[in-house]
Amino acid sequence: SVEKGRNTGTIINRTDNIEKQYNYDETVFSGAVKLPLKFTSGPTNFGVEPMIKTSLKNMIPDLSSPLESPHGSLTTLEYHLYSYVYRKYGQRDLAPKWGLVNSMLYGSTPFGGIQSGTILAVEETVFLPGILHHDGFRIYMGYQDRKKSTGSFGNAIFFPRGNPTPSPKNEVSLSFNYKLPLFYPDLSLGPIAYVKRVKANFFYDTTLKNVISGKGVELTADVHLLRFMFPFELGVQIVTPNNGSISVNPLISINLNGI
């Protein structure tokens with residue numbers, strides 16, 4: 001694949017050992033090889049998916065960036081291992097009643113060019129049954145450890161909603177979610193939209209080392225727009241971050257498994 005855009009990185013000033021941010025234009029060429037293995041045993045699905053990915057990134061910093069900002073090419077090599085086990089669930093269920101998802105990543109820059117150190121990340125997600133019909137709990141834990149060099153890998157784990165994304169070397173992140181359907185309006189707005197379901201997700205996110213947190217609710221609806229085959233998920237996120245303020249953010253996504 002080929003991607004082109006703008007990004008933000010961090011660099012450690014060698015004279016005062018202070019971390020600084022810089023903006024840059026990037027062109028990324030990447031390729032991956034993966035082997036998805038899927039199995040079924042009665043009501044249980046499980047599988048494992050190893051993957052090796054390499055990327056070649058060309059970086060051009062802004063004129064306003066520090067003089068020591070990386071400029072040139074960067075080649076990364078990443079090893080991923082994804083695995084899961086969960087009980088099968090129906091279309092009205094918002095998540096598996098029981099499930100466990102694991103993701104592990106190790107990345108390095110073993111070749112020449114700009115060096116970005118290494119990253120090790122582990123993520124665990126547990127699905128548990130709720131207290132009503134079709135609802136459920138989701139508990140997430142993520143750990144990452146980055147060894148920085150001239151540059152650094154980006155974050156590989158989830159961080160609390162409603163806050164500026166930090167750039168820590170070492171961090172543990174937790175997220176607690178309770179998701180439930182509110183009602184099924186089955187509301188047709190002619191050829192424009194069909195509203196199938198309205199649901200809520202109550203959440204609390206936090207980190208354990210450099211503590212930041214966010215709590216709130218996401219109110220979304222499953223909507224078919226203009227008779228499009230796949231449903232859109234439209235709604236708002238109401239979140240209270242560390243500073244105690246309240247922010248409202250739009251949410252939009254498309255569910256390719258929603259037919």
Side-chain angles (χ1 to χ4, degrees), residues 6-10 19-21 23 92-97 99-103 105 119 121-146 152-185 187 193 195-223 225 231-255 258:
R6 291 179 58 80
N7 210 335
T8 300
T10 58
E19 188 174 82
K20 297 181 179 179
Q21 283 193 339
N23 299 314
R92 285 203 164 194
D93 295 327
L94 296 180
K97 296 297 183 184
L100 177 65
V101 179
N102 170 269
S103 177
L105 159 69
I119 184 170
V122 179
E123 297 176 284
E124 299 282 350
T125 303
V126 179
F127 294 95
L128 298 172
I131 54 180
L132 302 172
H133 293 295
H134 313 303
D135 58 340
F137 293 92
R138 177 172 59 87
I139 303 172
Y140 167 89
M141 188 279 289
Y143 166 80
Q144 77 174 19
D145 182 55
R146 297 192 296 177
S152 66
F153 280 89
N155 288 318
I157 64 174
F158 173 83
F159 281 92
R161 282 160 277 198
N163 295 273
T165 302
S167 184
K169 296 179 182 178
N170 184 284
E171 189 57 272
V172 176
S173 178
L174 299 174
S175 178
F176 303 91
N177 298 261
Y178 173 60
K179 196 170 188 177
L180 76 160
L182 297 179
F183 55 95
Y184 296 82
L187 176 63
V195 183
K196 182 179 180 181
R197 175 172 59 187
V198 178
K199 52 191 185 291
N201 179 50
F202 298 90
F203 63 87
Y204 175 75
D205 309 326
T206 187
T207 54
L208 298 185
K209 295 197 173 183
N210 303 298
V211 178
I212 57 174
S213 63
K215 58 186 176 182
V217 61
E218 295 171 334
L219 300 172
T220 57
D222 296 328
V223 182
L225 294 175
F232 287 81
E233 187 175 24
L234 306 176
V236 294
Q237 177 192 85
I238 305 170
V239 57
T240 301
N242 265 17
N243 59 17
S245 63
I246 297 177
S247 62
V248 180
N249 307 304
L251 297 175
I252 181 170
S253 63
I254 184 170
N255 182 8

If I compare all heavy atoms of [X] with all of [Y], which pair ends up nearest, and what's the gap?
| X | Y | answer |
| --- | --- | --- |
| F203 | V217 | CE2-N, 3.5 Å |
| E171 | I157 | O-CD1, 4.1 Å |
| I212 | P160 | O-CG, 3.6 Å |
| G162 | P241 | O-CB, 3.3 Å |
| P166 | N155 | O-ND2, 2.7 Å |
| M141 | L174 | CG-CD2, 3.5 Å |

Quick check: do [X] and [Y] have side-chain heavy atoms less than 4.5 Å from each other?
| X | Y | answer |
| --- | --- | --- |
| F159 | D205 | no |
| L100 | T125 | no |
| K215 | F176 | no |
| I246 | V239 | no |
| L234 | L225 | yes |
| K209 | N170 | yes |
| S245 | T240 | no |

Under the criterion side chain to side chain contact (heavy atoms under 4.5 Å, CB included), which of N177, L180, L128 is the partner of F137?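 Testing F137 for a side chain to side chain contact (heavy atoms under 4.5 Å, CB included) against N177, L180, L128 leaves exactly one candidate, L128.
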[atom1]/[X] to [atom2]/[Y] distance, rounded to the nearest 0.5 angstrom?
| X | Y | atom1 | atom2 | result |
| --- | --- | --- | --- | --- |
| K179 | L94 | NZ | CG | 6.0 Å |
| T220 | E233 | OG1 | CD | 4.0 Å |
| D93 | D135 | CG | CG | 9.0 Å |
| L251 | E218 | CG | CD | 5.5 Å |
| Y140 | E123 | OH | CD | 3.5 Å |
| I238 | N249 | CD1 | CG | 9.5 Å |

Worked check of side chain to side chain contact (heavy atoms under 4.5 Å, CB included) between R146 and S167: CA-CA 10 Å; R146 297 192 296 177; S167 184; 2.7 Å; yes
Working note: Y204 + S213, criterion side chain to side chain contact (heavy atoms under 4.5 Å, CB included); need CA distance, chi angles, decisive distance, verdict. CA-CA 7 Å; Y204 175 75; S213 63; 4.0 Å; yes
Closer than 4.0 angstrom, basic N to acidic O: yes or no for R197 and D222? yes
Could you check T207 against V172 for side chain to side chain contact (heavy atoms under 4.5 Å, CB included), going step by step and ending with a plain yes or no? CA-CA 6 Å; T207 54; V172 176; over 6 Å; no
Is a side-chain donor or acceptor of S173 paired with a backbone partner of F158 at a separation under 3.5 angstrom? yes
Under a 3.5 Å cutoff, is there a donor and acceptor pairing between the side chains of R161 and S175? yes
